[in-house]
Novice: 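The structure's right below; bear with me while I get my questions together.
Chain letters run A, B, ... following the sequence lines, proteins first and then strands; every chain starts at 1.
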Protein chains: 2
Amino acid sequence: MATSSRQSYHHGDLRAELVRVAGEVLDQGGQATLTLREAARRAGVSHSAPYRHFADREALLAEVSAQGFAQLGAALRQAAPAGGVEVARAYLRFALGHPRRYRLMYADENSLARRAGLVDLAQVVLRVFAESIPGLGGAEQARRAGTAAWALLHGLAELLLDGFLGPLAADGADAERLVREVVGMVRFAARPAAAA
Amino acid sequence: MATSSRQSYHHGDLRAELVRVAGEVLDQGGQATLTLREAARRAGVSHSAPYRHFADREALLAEVSAQGFAQLGAALRQAAPAGGVEVARAYLRFALGHPRRYRLMYADENSLARRAGLVDLAQVVLRVFAESIPGLGGAEQARRAGTAAWALLHGLAELLLDGFLGPLAADGADAERLVREVVGMVRFAARPAAAA
DNA sequence: GGTGATATGTTGTCATCAGCTACATATGCC
DNA sequence: GGCATATGTAGCTGATGACAACATATCACC
């Protein structure tokens with residue numbers, strides 16, 4: 001909030017401030033409302049100042065995405081010691097708790113340059129999942145099962161956020177129950193077979 | 001192609017033509033490039049003509065989404081007699097074959113009005129999945145397992161399209177193999193338990 | 001303490017877009 | 001033939017992304 005009471009010509013740390021307010025705008029209005037000019041307004045600087053720190057709008061979105069993946073990864077790692085079920089709950093808690101940020105992270109508007117960093121960050125997610133599924137053979141099996149778990153939870157999160165699983169399920173206890181039921185139907189088996 | 005050689009003042013079926021060219025634009029350049037003006041240009045009419053048929057840009061996107069779900073539903077129903085594995089393959093073939101359209105269908109920019117119709121159309125997908133998983137108890141179990149299958153495939157499709165599962169996997173035989181391996185690790189069991 | 005290079009922020013500008021309003025033209029019904 | 005309605009057109013407004021020229025602060029160096 002030092003934004004409007006800024007005394008000096010220079011902001012101090014405009015880059016960080018832009019990322020911060022970008023997160024605010026995103027959470028409030030969605031990706032479409034996150035414009036560089038709006039971020040500049042909220043930061044209390046001119047409409048063109050953000051270009052000193054971000055090449056274009058995509059670059060700012062990329063930074064917000066990256067921070068999102070970092071937060072998600074941290075949340076999962078924190079939940080990991082408590083077991084796979086807790087990791088799954090932490091994943092969905094993040095997705096349902098920060099819906100717009102979560103959508104942005106997986107949005108395909110990702111330019112190639114933007115993706116490079118994101119893919120690396122996302123590997124943390126995969127690794128935590130792979131390590132959370134016990135009783136599998138080798139590392140390759142674990143990686144496959146981790147991928148399946150990641151896909152299942154990501155798909156569930158998106159379907160919930162889209163309202164495809166019922167209007168009430170997008171937030172709250174309904175979602176919690178639904179997720180428990182659905183995830184409870186799934187097993188991971190090392191021996192490949194013709195399941196669907 | 002009757003667009004430029006149009007003789008009469010009135011277009012004839014501008015609405016259908018707009019939806020058609022919108023699909024073209026979408027497949028070529030992604031959702032961001034799909035503007036009403038661009039659709040109008042391609043249809044050979046003035047930039048404001050589309051407003052006679054669509055309230056705004058969202059309405060056009062909604063129509064394209066709806067057609068996408070209809071196509072997907074039809075593809076799944078066609079594959080259903082061949083069993084669950086074929087349904088899964090058909091699902092992923094659609095997603096990887098029409099990536100931008102697929103992303104649009106699940107994009108959360110969906111306004112509430114837009115969603116209503118989409119949710120109904122998407123129920124077809126869920127139903128086909130639920131019916132494709134044999135050996136489960138009641139209808140409720142089937143619905144849960146169908147939801148899990150839908151989420152798994154949707155998540156896989158998105159992760160593939162995003163390039164999170166490897167740069168080569170987004171299209172072609174690599175994806176096919178990866179999907180077979182990952183899906184092969186998953187079982188559906190009627191008795192709920194602590195899986196993750 | 002002075003001086004200049006560099007980073008950072010500002011003002012001004014342009015092209016493009018969504019959406020709106022007033023107007024023109026075609027079509028069908030009487 | 002004449003009129004009501006559906007449909008297409010031209011022009012406008014406000015907002016945005018992106019860029020260029022300019023202004024100011026900060027810091028290194030002497």
Novice: Identify whether the distance between the nearest side-chain nitrogen and carboxylate oxygen of A/E176 and A/R89 falls below 4.0 Å.
Specialist: yes
Novice: Quick one: salt bridge (charged side-chain N to carboxylate O under 4.0 Å, His left out) partners of A/D120, sequence neighbours excluded?
Specialist: none
Novice: Whole angstrom is fine here: how far is it from CG in B/D56 over to P in C/dC17?
Specialist: 17 Å
Novice: Anything under 3.5 Å between a protein N or O and an N or O of nucleotides 20-23 of chain C, put it in a table, one pair a line.
Specialist:
none

Novice: C/dT10 C1' sits how many Å from A/L36 CG, rounded?
Specialist: 16 Å
Novice: Whole angstroms only, please: what is the CZ-C1' distance between A/R15 and C/dG9?
Specialist: 16 Å
Novice: Would you kindly give the CG-to-P distance between B/L60 and C/dG19, to the nearest whole Å?
Specialist: 11 Å
Novice: Whole Å only: how far is the CD atom of A/Q31 from the P atom of D/dT16?
Specialist: 16 Å
Novice: Suppose we screen for salt bridge (charged side-chain N to carboxylate O under 4.0 Å, His left out). Which residues come up paired with A/D27, at least two apart in sequence or across chains?
Specialist: A/R101
Novice: Apply ring-ring contact (aromatic ring centres under 6.0 Å, His included) to A/H98 and list each qualifying residue two or more places apart in sequence or on a separate chain.
Specialist: A/F94
Novice: Tell me: CZ of B/F54 to C1' of D/dG8, nearest whole Å?
Specialist: 15 Å
Novice: At under 4.0 Å, does any side-chain N or O of A/H53 touch on OP1 or OP2 of C/dA7?
Specialist: no
Novice: Applying salt bridge (charged side-chain N to carboxylate O under 4.0 Å, His left out), can you list everything that pairs with B/R143, at least two apart in sequence or on another chain?
Specialist: B/E140
Novice: Check ring-ring contact (aromatic ring centres under 6.0 Å, His included) between A/F69 and all other residues, then give those that pass, not counting sequence neighbours.
Specialist: A/Y106, B/F164
Novice: Rounded to whole angstroms, how far apart are CZ on A/R57 and C1' on C/dT16?
Specialist: 15 Å
Novice: Among the candidates C/dG19, D/dT9, D/dG17, find the nucleotide nearest to the side-chain atoms of A/T35.
Specialist: D/dG17
Novice: Ignoring hydrogens and angles, does a donor from either the side chain of B/R37 or the base of C/dA18 sit under 3.5 Å from an acceptor on the other?
Specialist: yes
Novice: Does B/R144 reach the main-chain N or O of A/E181 with its side chain, forming a donor-acceptor pair under 3.5 Å?
Specialist: no
Novice: What is the distance, rounded to the nearest whole Å, between atom CG of A/D13 and atom P of C/dT8?
Specialist: 10 Å
